[in-house]
Amino acid sequence: ALFARKHGMDAPVEEIAKQFRTLFSAAPPLAFAGARREELPSLERAWWKELVRRVFEPYGTFARFDDYFTELFDYFSRPDSWRLYPEISATIAALKERGLTLAVISNFDSRLFKILEELGVAASFDSIVISSHAGYAKPAPEIFYRALALHRVKAEETLHVGDSPDKDAAAASNAGLFGVLLDRGGKLNATSFPRVRTLSELLPLIDHTR
C-alpha cells in the first residue's frame, strides 16, 4: 500500500491486506509443471503480477501499475526486506546438533534462494524445495514426496512444521508426515494437530518423539 501511494494509488492499508490474503489463498498454485528452468523467472513474475493486479481492481484505474509492480517485486527480492524471528538461528543450530536433516518446503519462487542465503540460514538446510520448481505446491502431497526423495527418508520419519492449518499441518499429515502447526498468535482454528507458538518449542516435541 505504501508503494502504491507513491505511484498514485491511495488504497486503505487494511483493505489491501485483507484483499491480498483472500486472493492469495484462492489463487492457482505457484507451480509450473513441465516448464523449462529458464522460463521459470518470467512465469513466477507473471503469477505475482496478476495476483497484485487483482488486489487493486476494486479501486479503479491504476495508471502506473507496471512501474509500481516492478518496484514492489524488486523490494521483496531483497533480503533486507525480510527478517528472521528471534529464535530461528538458535533453533536451527539445535536441530543440526541433533543430527537431523533439515529442508525447506515452500510455496514461493526463485527469489527465496538468495533471501535465505543473505539471511544467513540457507547453508543450514540440506535442501530447499520451492513450488515453482517442483511443479507442485502445498497442499499437494507431491511436493512433500519430492523433498523426501531427495534425502531418501520415509514420510513417517519426518516432521513438517508450518503456519497454515491446511497447506502445512493437514497437507503434511495427509502425505504421511508428522504435521505440526506453527501458531504464533494462538488464533488459528485447528485442533487436530500438535501446535507450537515458536519454533524453539519443536525441540522438546522432537526429543519426545524420537
Side-chain angles (χ1 to χ4, degrees), residues 17-18 20-22 24-27 29-31 76 79 81-109 111-113 115-132 134 136-210:
K18 182 178 180 181
F20 178 84
R21 287 193 297 268
T22 299
F24 182 79
S25 297
L30 178 56
F76 284 110
S81 302
W82 304 82
R83 71 178 188 275
L84 296 175
Y85 283 95
E87 82 279 9
I88 298 298
S89 296
T91 301
I92 289 174
L95 293 171
K96 296 296 283 187
E97 287 174 3
R98 286 161 168 76
L100 299 175
T101 297
L102 303 183
V104 172
I105 302 176
S106 175
N107 285 359
F108 202 57
D109 58 57
R111 293 174 293 173
L112 186 62
F113 298 120
I115 291 168
L116 293 180
E117 182 177 350
E118 293 292 326
L119 289 174
V121 295
S124 298
F125 294 102
D126 299 283
S127 67
I128 299 170
V129 179
I130 59 174
S131 60
S132 63
Y136 300 96
K138 298 179 291 184
E142 288 86 354
I143 193 169
F144 296 99
Y145 299 154
R146 179 71 57 88
L148 295 173
L150 287 174
H151 304 290
R152 299 181 180 180
V153 296
K154 298 177 182 177
E156 60 266 26
E157 300 171 336
T158 307
L159 180 148
H160 174 80
V161 59
D163 61 5
S164 168
D166 298 327
K167 295 180 180 178
D168 288 306
S173 297
N174 291 338
L177 291 73
F178 184 71
V180 176
L181 180 64
L182 176 62
D183 184 6
R184 291 188 180 274
K187 297 179 180 179
L188 296 177
N189 294 321
T191 59
S192 305
F193 310 102
R195 186 187 304 247
V196 295
R197 294 289 292 267
T198 69
L199 285 187
S200 58
E201 292 180 13
L202 284 176
L203 300 176
L205 180 62
I206 288 172
D207 291 341
H208 177 73
T209 57
R210 292 182 75 185

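Heavy atoms only: backbone and side chains are in, while hydrogens, waters and symmetry mates are out.
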**Prompt:** Are any of the side-chain heavy atoms of Ile206 and Leu95 separated by less than 4.5 Å?
**Reply:** yes
Heavy-atom nearest pair, Phe76 first then Ile115, reads O-CD1, 3.5 Å
| message | Looking at Glu87 and Leu199, would you say the former's side chain and the latter's main chain have a donor-acceptor pair under 3.5 Å? | response | yes
For the pair Glu201 (side chain) and Arg197 (backbone), establish whether a donor and an acceptor sit closer than 3.5 Å, ignoring hydrogens and angles. yes
Taking C-beta and beyond as the side chain, do Leu205 and Phe178 meet within less than 4.5 Å on heavy atoms?
yes
Please test Asp126 against Lys96 for side chain to side chain contact (heavy atoms under 4.5 Å, CB included), starting from the C-alpha separation and ending with a verdict.
CA-CA 10 Å; Asp126 299 283; Lys96 296 296 283 187; 3.5 Å; yes
Distance col, row Ile143:CD1 vs Ser106:OG, nearest 0.5 angstrom, shows 7.5 Å
dist Arg146:CZ -> Ile130:CD1 (nearest 0.5 Å) comes out at 11.5 Å
If you count every heavy atom of other residues, nucleotides or ligands that lies below 6.0 Å from Arg98 atom CZ, does the total exceed 12? yes
Is any side-chain heavy atom of Phe144 closer than 4.5 Å to a side-chain heavy atom of Asn174?
no
Rounded to the nearest 0.5 Å, the OG1 atom of Thr91 sits from the CG atom of Leu203 at a distance of 5.5 Å
Checklist entry - Got a sec: does the NZ of Lys18 have more than 12 other heavy atoms crowding it under 6.0 Å? => result no
Residues Ser173 and Phe193: closest non-hydrogen pair is OG-CE2, 3.4 Å
Which of Asp163, Asp168, Asp183 passes salt bridge (Lys or Arg N to Asp or Glu O under 4.0 Å) with Arg195? Answer is Asp183
Of all heavy-atom pairs linking Ala172 and Gly179, the shortest is CB-CA, 4.1 Å
Does any non-hydrogen side-chain atom of Leu177 lie less than 4.5 Å from one of Thr158?
yes
Heavy-atom closest pair (Pro139 atom, Asp166 atom, distance to 0.1 Å) is CB-O, 3.9 Å
Side-chain heavy-atom pair Arg184, Thr198 within 4.5 angstrom cut-off:
yes
Taking every heavy atom of Ala175 against every heavy atom of Ala155, the minimum-distance pair comes out as O-CB, 3.7 Å
Rounded to the nearest 0.5 Å, the OG atom of Ser131 sits from the CG atom of Asp109 at a distance of 8.0 Å
Value for CG (Leu182) from CG (Leu188), rounded to nearest 0.5 Å, stands at 8.5 Å
Review point. Under a 4.5 Å cut-off applied to non-hydrogen side-chain atoms, are Leu112 and Val104 in contact?
Key: yes
So CG of Leu116 and CG of Leu84: to nearest 0.5 Å the spacing works out to 8.5 Å
Scanning both residues in full, the closest heavy-atom pair of Asn107 with Lys167 reads ND2-CD, 4.1 Å
